[in-house]
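These numbers come from the heavy atoms of this one structure, side chains and all, not from hydrogens, waters or symmetry mates.
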Amino acid sequence: MPLRRRIAAALTATMVTSLAGIAVAAAPTQAASKPAWTKNCTQLNKTYKHGVGKTTARDRTSSGRPVTNFKRSNSLYNTAMRYNRGLDRDKDGIACEKR
């Protein structure tokens with residue numbers, strides 16, 4: 001076999017091996033990147049007892065007493081909404097609020 005073919009074969013084998021390693025390594029990191037607390041309100045309330053809301057959020061309640069003891073964080077709220085929009089059913093800017 002000529003030298004060029006041996007070099008090409010060796011490079012191809014190396015590239016396939018390294019690409020396979022990259023593909024295998026990328027799969028677990030994507031699955032692990034989703035926070036467990038975004039699954040449902042029960043999971044979210046284990047981590048954040050009174051829910052997560054935007055910093056400017058106001059709870060809409062019929063009693064007139066707003067819920068104010070939720071975790072205020074735009075980044076946490078946006079993360080929760082990115083994975084599960086159903087966490088803020090009344091669309092008041094507070095996910096899984098507890099009264």
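- F70 meets the ring-ring contact (aromatic ring centres under 6.0 Å, His included) test with no other residue; sequence neighbours excluded.
- Side-chain contact between V52 and I94 is absent, with no heavy atoms from C-beta onward closer than 4.5 Å.
- Here the closest heavy-atom approach between residue R58 and residue R72 is recorded as NH1-NH2, 4.3 Å.
- R85 meets the side-chain hydrogen bond (donor to acceptor under 3.5 Å, both in side chains) test with no other residue; sequence neighbours excluded.
- A distance of 4.0 Å separates CG of N69 from NE2 of H50, quoted to the nearest 0.5 Å.
- For T56, there are no side-chain hydrogen bond (donor to acceptor under 3.5 Å, both in side chains) partners at least two apart in sequence or on another chain.
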Name each donor-acceptor pair under 3.5 Å that joins a side chain in residues 35-42 to protein atoms two or more places apart or in another chain, with its distance.
residue : atom : partner : partner atom : Å
T38     : OG1  : P35     : O            : 2.7
N40     : OD1  : T42     : N            : 3.2
N40     : OD1  : Q43     : N            : 2.8

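- When atom types are taken as modelled, the side chain of N45 and the backbone of Y48 share a donor-acceptor pair closer than 3.5 angstrom.
- Between the D92 side chain and the A57 main chain, no donor and acceptor come within less than 3.5 Å of each other.
- Distance alone, capped at 3.5 Å, is enough to place a donor-acceptor pair between the D88 side chain and the G93 backbone.
- Residues passing the side-chain hydrogen bond (donor to acceptor under 3.5 Å, both in side chains) test with N84: none are found, sequence neighbours excluded.
- By the side-chain hydrogen bond (donor to acceptor under 3.5 Å, both in side chains) test, S73 is found to be paired with S75, residues two or more places apart in sequence or in another chain being considered.
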